[in-house]
Protein chains: 2
Amino acid sequence: MASSEPFVIPATAAIASPSKTTQILEAAGRLFLEGGYGATSMDAVARAAGVSKATLYAYFTNKAELFSAIVAAECARAVPMVVCNNVDGLPVHEGLLKIGRTLLDLLLSPAALGVYRVVVAESPRFPELGRAFYHAGPARTLGAISAYLQAARDRGELTITEPTIAAELFWGMIRGHAHLRCLLLDDKAPDAAQRDCYVQTVVTVFIRSFGVS
Amino acid sequence: MASSEPFVIPATAAIASPSKTTQILEAAGRLFLEGGYGATSMDAVARAAGVSKATLYAYFTNKAELFSAIVAAECARAVPMVVCNNVDGLPVHEGLLKIGRTLLDLLLSPAALGVYRVVVAESPRFPELGRAFYHAGPARTLGAISAYLQAARDRGELTITEPTIAAELFWGMIRGHAHLRCLLLDDKAPDAAQRDCYVQTVVTVFIRSFGVS
DNA sequence: GTCTATAAATGGATAGAC
DNA sequence: GTCTATCCATTTATAGAC
C-alpha cells in the first residue's frame, strides 16, 4: 500500500519552503556575487538552489534577467543603510563621524564589494543595470550626505557653497584606498578600530576645511 | 614554375610584422578590456589578431596566461604617467594641481577604466593578478604622492604627520564620483575644463587643511 | 611555425513525461 | 509546476598536414 514508506518526503515537496523564488534568488545571488556573471552557469545556480534547470527557467526567462533581479535585490537591501540614519540635527562632528562609519562599513561589506565587482564588470554589456545601480546606491548616498551638509550649513555649522561637491569630497576620502585594497588584495578589511581611526581623520580634515572658525 | 605567382604574398608572411607577439597582445588587449575575461573567446582573439588558434596557443599556453600578460602590459604602459612627472620642488599649490590633473586624466582614461573593470572583476579568480595590478598602479601612485607631500613638508610648506594617509585622502578626493560615473554610466567623462575646476577645488581643500598658515 | 579540422567539454535553453 | 533527458551552439585546447 502507499503508506509503506510513510517517512519519505516526496522529492517535489519544499521543506519549509521559503517560496522557490527566494530560494533561487538566494543561491543565484551567492554565486553571481562570488563568481561574476560569466563564470556562473545556470546549471550551477539550479544545483545550488536545489531545483532543476527547467524549474529555474520557469521562474526567470533567461540568465540576464536572473542576473538583473539579483542586482536589484542587492541594491534594495543596501538602501536602508544608505539613508543616513538618525543624524538629522546632530552636531556636525558627531553627524559626520556617524555617516562616515556607516558609509565605510557599507562600502567594505562583502555583499557591497560583490555587487560592485560584478556591476562594474558587466555594465558595458548591461548599461541599464549600471545606471540602476548607480542611482540606487552611490547617488543616494551622495544625496543623503549632501542634504546633511546643507542642513548643517543652514544651522551655521559649516561654510559650504556647493554641498554636492563637498559631499563628493567627503565620500571620496572615506572610500580612500581601503575599498581598492579589499577589492584587489585578499588582504582582510581593516578592523573596526582602524576604520574608526581613519574616519576620524577624514572628519577632522573635512571640518578643518569647511567648519566655521 | 614557382614564379608563376610572383606577387602573391605567402599566407605565412607577416606584412610589416611587428612580431606576432605584439600583434596578438594588441588584439587581445582590445578585446579583453572591452569585453572582459569571460566574454572574450580565444577564437575571437585569434580572428582579431589575424592568426589561427593554433598559432595563438603556440605563443600563449592558455587563456589565463594571455590574460595575465595583457594586464601586465597595460600596467606597464600606465606607470610612466604614475611617476609624478616634473613636480619635484614645485611650490605645493602648483605641484598638487599638476599631480591632481595627471592623476584624474589617468583614472578616467578608457584604457585605465578597462583594466580596472576587468581586474576588479577577475581578481577573485586571479588573486596574483589583483595584487600585481594594485602594486603596479594605485600603490605606486600613492607612494609618489606621499613622497611629494613629504618633500613639501620638509620644505615647510605643509603640516603633515602621516604623508601616506594624507596622500590617500588627496587621492580619494581626486577620484571622487567621476570615476564611478565613467564606470557605470555611458555618460561621457567630464571635459578638461570641468576636471580642472574639480582638481582646483580639491587642492584648495587640501591646502586649507594641511597648508601652513 | 602556421594552418585546417576536430576533439572534448560545457554552456544556455527546451521538449515532453508526470 | 517540476523533473529528466536532450538539443544545439560555443568554448578551450589539440592533432596532424604542410
Side-chain angles (χ1 to χ4, degrees), chain A residues 2 5 8-32 34-71 118 121-122 125-126 129, chain B residues 2 4-5 8-28 31-32 34-70 118 121-122 125-126 129:
Chain A
E5 297 177 356
V8 171
I9 297 168
T12 56
I15 305 172
S17 158
S19 95
K20 284 230 160 94
T21 309
T22 42
Q23 191 174 331
I24 292 173
L25 282 175
E26 202 163 332
R30 198 159 27 84
L31 293 182
F32 274 126
E34 277 173 12
Y37 183 77
T40 302
S41 73
M42 293 295 264
D43 252 308
V45 171
R47 239 189 340 265
V51 300
S52 73
K53 273 209 291 186
T55 303
L56 183 52
Y57 276 96
Y59 282 83
F60 298 91
T61 58
N62 55 36
K63 188 180 177 182
E65 194 191 274
L66 174 58
F67 180 59
S68 297
I70 295 299
V71 174
V118 65
E122 300 302 333
R125 264 91 54 201
F126 298 91
L129 191 141
Chain B
S4 64
E5 297 177 358
V8 171
I9 298 168
T12 56
I15 305 173
S17 159
S19 95
K20 284 230 159 95
T21 309
T22 43
Q23 190 175 333
I24 291 172
L25 282 175
E26 202 162 332
L31 293 182
F32 275 125
E34 278 174 9
Y37 183 77
T40 302
S41 73
M42 293 294 261
D43 250 309
V45 171
R47 242 193 332 270
V51 300
S52 74
K53 275 208 291 185
T55 303
L56 183 52
Y57 277 96
Y59 282 84
F60 298 91
T61 59
N62 55 37
K63 188 180 177 181
E65 193 191 277
L66 175 58
F67 181 58
S68 297
I70 295 300
V118 65
E122 300 301 332
R125 263 91 53 203
F126 298 91
L129 190 141

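In what follows, chains are A, B, ... by sequence order, proteins preceding strands, each numbered from 1.
As a whole-Å value, the separation of B:F60 CZ from D:dT12 P is 15 Å. The separation between A:L66 atom CG and C:dG11 atom P is 15 Å, rounded to whole Å. For A:E65 and C:dG12, the CD to P distance is 15 Å, given to the nearest whole Å. Between A:R47 atom CZ and D:dC3 atom P there is a gap of 14 Å when expressed in whole angstrom units.
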Checklist entry - Reading nucleotides 13-18 of chain D from the 5' end, what letters show protein touch, with B for base, S for backbone sugar-phosphate only, - for no heavy atom under 4.0 Å? => result BBB---
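For B:E34, the side-chain contact (heavy atoms from CB on, under 4.5 Å) partners at least two apart in sequence or on another chain are B:R30. Partners of A:F67 by side-chain contact (heavy atoms from CB on, under 4.5 Å), not counting sequence neighbours, listed by chain and number: A:F32, A:Y37, A:V71, A:V118, A:E122, A:F126, A:L129.
Heavy-atom distances to DNA chain D give each of A:Y59 and B:S41 a nearest nucleotide, and the one nearer the 5′ end belongs to A:Y59.
The structure places NZ of A:K53 at 8.5 Å from CE of A:M42, a figure rounded to the nearest 0.5 Å. Once rounded to the nearest 0.5 Å, the distance linking OH of B:Y59 with CG of B:L25 reads 11.0 Å. A distance of 9.5 Å separates CD1 in B:I70 from CD in B:E26, rounded to the nearest 0.5 Å.
Contact check, A:S52 against D:dT2: no side-chain N or O comes under 4.0 Å of OP1 or OP2.
One N or O on the side chain of A:Q23 and one on the backbone of A:A49 form a donor-acceptor pair closer than 3.5 Å.
When distances run from any side-chain atom of B:V51 to the nucleotides C:dC3, C:dG12, D:dT12, the shortest one goes to C:dC3.
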